Protein chains: 2
Amino acid sequence: MNGDSDPLPRAEAEEYASWFKALADATRIQIVSLLARRRAPMTVGEVVAASGVGQSTVSHHLKILAEVRFVLVERQGTASLYRINEACVRCFPTAADVVMGKPVPAAPTCE
Amino acid sequence: MNGDSDPLPRAEAEEYASWFKALADATRIQIVSLLARRRAPMTVGEVVAASGVGQSTVSHHLKILAEVRFVLVERQGTASLYRINEACVRCFPTAADVVMGKPVPAAPTCE
DNA sequence: AGGCTTTATCGACTATCGTCGATTGACGAT
DNA sequence: ATCGTCAATCGACGATAGTCGATAAAGCCT
């Protein structure tokens with residue numbers, strides 16, 4: 001049990017931060033909301049077309065989002081199908097969680 | 001009403017991102033959780049002592065957190081009293097909000 | 001096999017961010 | 001008035017992150 005006054009352990013703070021970092025970029029927000037609106041998986045090319053940024057940039061952001069399991073990938077032929085991970089959307093920590101010291105949800109777990 | 005397929009407008013995405021940016025740093029997370037545990041206002045010096053980073057750094061982070069109204073400031077003599085803003089903690093957007101295109105809560109509003 | 005398409009990766013450039021130390025500015029106490 | 005304390009600001013530095021263009025890798029289709 002945590003005392004009332006000791007700071008949140010650094011390691012835990014960094015886990016939390018890594019969650020928020022994933023959504024701390026406007027382009028990533030656009031991509032995520034795009035994938036969520038279309039509930040069906042999208043190919044990278046489709047995301048590129050819809051988001052207006054370069055292909056390598058989109059690929060990079062999708063990789064970041066996939067690392068937090070925020071989106072899921074599935075290769076199909078030469079294409080990569082990305083879709084939103086509803087479970088991770090739900091378990092994404094809220095500010096209240098941080099503030100109340102709720103244990104950080106582990107990314108792989110919430111799948 | 002937003003169609004099902006058009007990307008989230010850039011401006012809105014950036015507003016969202018600015019919320020998440022505020023919690024996208026481990027030190028800031030520690031400071032926030034510190035202020036929340038002590039429900040009473042804390043002076044900058046106290047935060048410095050408890051967080052182990054330099055005074056100017058703490059001041060900087062507190063400024064950032066205050067800009068999103070995540071913490072509230074009140075000067076008292078030479079000291080600055082920072083306390084958590086419960087209202088903004090509650091209205092902090094969740095990942096689900098982003099995904100479903102819920103309108104971004106305006107920082108000043110949620111006070 | 002050869003070419004085409006799709007995506008991932010690499011390298012480079014820039015901008016932003018976190019941190020520090022030093023300085024400045026306010027305020028209170030003596 | 002001066003000194004001491006507290007917090008904010010400034011300047012600098014290193015590190016990280018976003019973007020792009022070009023290249024490479026993998027798979028399909030004739």
Side-chain angles (χ1 to χ4, degrees), chain A residues 7-8 10-11 13-35 40-68 70-83, chain B residues 7-8 10-11 13-35 40-68 70-83:
Chain A
L8 192 67
R10 186 71 185 185
E14 269 166 9
E15 286 184 66
Y16 265 130
S18 72
W19 275 104
F20 290 106
K21 264 198 254 270
L23 292 188
D25 177 81
T27 305
R28 236 134 50 206
I29 296 254
Q30 287 187 296
I31 292 179
V32 160
S33 89
L34 200 60
L35 287 172
M42 289 180 73
T43 164
V44 175
E46 291 176 295
V47 177
V48 170
S51 70
V53 294
Q55 181 267 319
S56 72
T57 304
V58 168
S59 185
H60 174 228
H61 284 307
L62 285 171
K63 183 197 177 94
I64 290 179
L65 290 169
E67 271 163 4
V68 226
F70 209 88
V71 303
L72 301 174
V73 210
E74 181 192 359
R75 304 215 53 150
Q76 182 166 304
T78 159
S80 284
L81 299 184
Y82 285 88
R83 65 181 200 279
Chain B
L8 192 67
R10 186 73 186 184
E14 269 167 10
E15 286 185 66
Y16 264 131
S18 71
W19 275 105
F20 290 106
K21 265 197 252 271
L23 292 188
D25 176 80
T27 304
R28 237 134 48 207
I29 296 256
Q30 287 187 297
I31 292 178
V32 160
S33 89
L34 200 60
L35 287 172
M42 290 180 73
T43 163
V44 175
E46 292 177 296
V47 177
V48 170
S51 70
V53 294
Q55 181 265 317
S56 72
T57 304
V58 168
S59 186
H60 174 228
H61 285 307
L62 285 172
K63 182 195 178 95
I64 291 179
L65 290 169
E67 272 163 3
V68 227
F70 209 87
V71 302
L72 301 174
V73 210
E74 181 193 358
R75 304 214 53 150
Q76 182 166 307
T78 159
S80 284
L81 298 184
Y82 285 88
R83 65 180 200 279

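Nothing here was measured: the structure is a model prediction, and the numbers come from that model. Naming: A, B, ... by sequence-line order, numbering from 1 per chain.
- A/Q30 and B/A13 make their closest contact through CG-CB, 3.6 Å (heavy atoms, listed as atom of the first residue, atom of the second, distance).
- Residue B/E46 contributes atom CD, which lies 11 Å from atom P of D/dC6 at whole-angstrom precision.
- You won't find any donor-acceptor pair under 3.5 Å spanning the side chain of B/T57 and the base of C/dG18, going by distance alone.
- The side-chain contact (heavy atoms from CB on, under 4.5 Å) test with B/M42 is passed by exactly one of B/L62, B/L35, B/V48, B/V71: B/L35.
- Phosphate proximity of C/dA8 to A/S80: present, with a side-chain N or O under 4.0 Å from OP1 or OP2.
- Among the nucleotides C/dA22, C/dT6, D/dT19, the one closest to the side chain of B/Q55 is C/dA22.
- The CD-P distance, from B/E74 to D/dA8, rounds to 13 Å in whole Å.
- For C/dC20, the OP1/OP2 oxygens have no side-chain nitrogen or oxygen of B/H60 closer than 4.0 Å.
- Nearest-nucleotide mapping onto DNA chain D: of B/L62 and A/R75, the residue sitting toward the 5' end is B/L62.
- Between the CD1 atom of A/I31 and the P atom of D/dT19 there is a distance of 8 Å, given to the nearest Å.
- You'll find that the side chain of A/T78 is closest to D/dG27, out of D/dG27, D/dT5, C/dC20.
- Contact annotation for B/V58: no contact, since no heavy-atom pair falls under 4.0 Å across all strands.
- Taking all atoms of both residues into account, the shortest heavy-atom contact from B/V68 to B/A22 is CG2-CB, 3.7 Å.
- In this structure, A/Q76 atom CD and D/dA26 atom P are separated by 19 Å, rounded to whole Å.
- Between the side chain of B/R28 and the main chain of B/K21, a donor-acceptor pair closer than 3.5 Å is present.
- The two residues B/H61 and B/D25 come nearest to each other via the heavy atoms CE1-OD2, 3.6 Å.
- Summarising the geometry of A/L8 relative to B/S33, their closest heavy-atom pair is CB-OG, 3.4 Å, with the distance given to 0.1 Å.
- In this structure, A/E14 places its CD atom 13 Å from P of C/dG18, rounding to the nearest Å.
- Across B/A17 and A/I29, no two heavy atoms sit closer than the pair N-CD1, 4.1 Å.
- For the pair B/F20 CZ and C/dC17 P, the computed distance is 17 Å after rounding to whole Å.
- For the OP1/OP2 pair of C/dA8 and a distance below 4.0 Å, the side-chain nitrogens and oxygens of A/S59 include at least one atom meeting the criterion.
- At D/dC6, none of the side-chain N or O atoms of B/Y82 fall inside 4.0 Å of OP1 or OP2 (strictly under the cut-off).
- Of the residues in residues 21-30 of chain B, none has a non-hydrogen atom less than 4.0 angstrom from any atom of DNA chain D.
- The distance between atom CG of A/L81 and atom P of C/dA8, rounded to the nearest whole Å, is 10 Å.
- Per the geometry, CE belonging to A/M42 stands 14 Å off P belonging to C/dT6, to the nearest Å.
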